[in-house]
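See below for the structure under consideration.
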Amino acid sequence: EAGVAQSPRYKIIEKRQSVAFWCNPISGHATLYWYQQILGQGPKLLIQFQNNGVVDDSQLPKDRFSAERLKGVDSTLKIQPAKLEDSAVYLCASSLQGTFYGYTFGSGTRLTVV
Amino acid sequence: GQQVMQIPQYQHVQEGEDFTTYCNSSTTLSNIQWYKQRPGGHPVFLIQLVKSGEVKKQKRLTFQFGEAKKNSSLHITATQTTDVGTYFCAGSDDYKLSFGAGTTVTVRA
């Protein structure tokens with residue numbers, strides 16, 4: 001089966017600029033997640049979608065981050081405006097149904113804010 | 001919210017030796033999952049434990065879930081260079097999976 005697709009792989013932007021990441025989950029996976037992984041730390045959940053509805057966005061900095069999952073398939077995560085502390089790897093993951101199944105992660109987007 | 005702690009943060013192992021990494025949760029978990037992340041890679045799902053006291057093996061890896069469903073361990077026997085990476089445990093409360101900070105393993109040949 002095809003894996004979770006993410007693009008771009010790398011992005012360098014200046015602070016206060018905007019950036020968007022794209023994710024296409026495994027076909028048939030109802031749950032989609034965006035995680036932020038800062039170097040040396042574990043992944044931190046930003047937002048969780050069940051089909052095209054938001055299940056949990058409690059740790060999403062909503063003043064600058066937004067995400068959507070149109071038609072319950074692929075998803076985009078946007079940051080506007082970016083701050084230096086947003087430098088991290090942004091990982092998209094999907095699972096068949098919530099936390100009852102293992103997650104499949106994409107390769108991630110490494111964001112550097114300068 | 002739930003917190004998942006992992007120890008040790010770093011594990012330096014001589015090739016051929018065994019080691020164990022531990023995971024503890026502040027709350028009772030519905031299940032716990034383990035992932036491996038190779039340097040420069042992304043987390044890859046290894047296994048899920050659901051039942052109290054459950055033990056599962058994958059070749060040289062042995063995973064345990066505590067009786068109280070608040071802790072877990074990963075034991076690797078006869079460590080090989082292919083075991084290099086960071087091992088994360090992730091605890092579920094049925095709604096959200098929270099990752100620990102990971103144990104980064106290096107192997108001396």
Side-chain angles (χ1 to χ4, degrees), chain A residues 1-10 21 23-26 29-50 53-60 88-112, chain B residues 1-11 21-25 27-51 56 58 63 65 69 72 74 85-106:
Chain A
E1 93 188 329
V4 175
Q6 283 191 252
S7 66
R9 283 299 308 275
Y10 305 93
F21 314 124
C23 171
N24 188 264
I26 290 175
H29 279 197
T31 319
L32 184 148
Y33 315 83
W34 283 101
Y35 280 84
Q36 179 193 58
Q37 187 174 26
I38 293 172
L39 189 63
Q41 299 182 16
K44 170 190 159 187
L45 180 68
L46 293 175
I47 190 167
Q48 176 177 337
F49 292 94
Q50 180 71 20
V54 175
V55 173
D56 185 345
D57 63 357
S58 58
Q59 297 192 84
L60 186 75
V89 175
Y90 291 84
L91 294 161
C92 179
S94 69
S95 70
L96 197 58
Q97 192 73 242
T99 66
F100 300 103
Y101 297 86
Y103 292 9
T104 302
F105 282 85
S107 299
T109 297
R110 183 175 298 277
L111 174 67
T112 303
Chain B
Q2 66 179 22
Q3 289 189 337
V4 176
M5 309 296 290
Q6 275 187 263
I7 54 169
Q9 185 177 3
Y10 299 99
Q11 184 80 54
T21 176
Y22 300 90
C23 180
N24 293 289
S25 169
T27 59
T28 302
L29 302 169
S30 64
N31 71 72
I32 196 157
Q33 300 178 16
W34 285 88
Y35 292 78
K36 178 181 179 181
Q37 186 171 25
R38 295 183 185 276
H42 56 275
V44 174
F45 174 72
L46 294 177
I47 208 158
Q48 180 183 55
L49 304 170
V50 178
K51 298 177 184 175
K56 287 187 176 180
Q58 287 182 349
F63 304 84
F65 201 7
K69 299 184 72 173
S72 181
L74 161 59
T86 300
Y87 294 83
F88 292 100
C89 66
S92 168
D93 62 359
D94 281 343
Y95 301 102
K96 186 165 74 175
L97 200 64
S98 297
F99 282 77
T103 294
T104 298
V105 176
T106 55

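- In the displayed structure, B:F45 atom CZ is contacted under 6.0 Å by more than 12 heavy atoms of other residues, nucleotides or ligands.
- Listed here is the closest heavy atom pair of B:K96 and A:Q48: CA-OE1, 4.3 Å.
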Side chain to side chain contact (heavy atoms under 4.5 Å, CB included) between A:Y103 and B:L97, intermediate numbers included: CA-CA 10 Å; A:Y103 292 9; B:L97 200 64; 3.4 Å; yes
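- From A:D56, atom CG reaches atom OH of B:Y95 across 11.5 Å, with rounding to the nearest 0.5 Å.
- The minimum heavy-atom distance between B:F88 and A:G42, with the atom names listed, is CE2-CA, 3.4 Å.
- In this structure, A:L91 and B:P43 have side chains that are in contact, with non-hydrogen atoms separated by less than 4.5 Å.
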Take B:H42 and A:Q37 through the test side chain to side chain contact (heavy atoms under 4.5 Å, CB included) and record every step on the way to the result. CA-CA 10 Å; B:H42 56 275; A:Q37 187 174 26; over 6 Å; no
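- A distance-only check finds no donor-acceptor pair linking the side chain of B:N31 to the backbone of A:F100 [under 3.5 Å].
- For B:Q6, no part sits under 4.5 Å from any heavy atom of chain A, backbone or side chain.
- For chain B, the nearby part of A:Q59 is the side chain; its heavy atoms alone come within less than 4.5 Å.
- For A:S58, the part lying under 4.5 angstrom from a heavy atom of chain B is the side chain only.
- Close placement of the A:Y35 and B:F99 rings is indicated, their centers lying within 6.0 Å of each other.
- Counting heavy-atom pairs under 4.5 Å between each of B:V44, B:T104, B:D94 and chain A puts B:D94 at the top.
- Shown here are the side chain to side chain donor-acceptor pair (under 3.5 Å) partners of B:Q11, two or more places apart in sequence or in another chain: there are none.
- Neither the backbone nor the side chain of A:Q50 has a heavy atom closer than 4.5 Å to any heavy atom of chain B.
- Residue B:Y35 touches chain A through its side chain alone, counting heavy-atom pairs closer than 4.5 Å.
- Between the A:Q41 side chain and the B:G102 main chain, no donor and acceptor come within less than 3.5 Å of each other.
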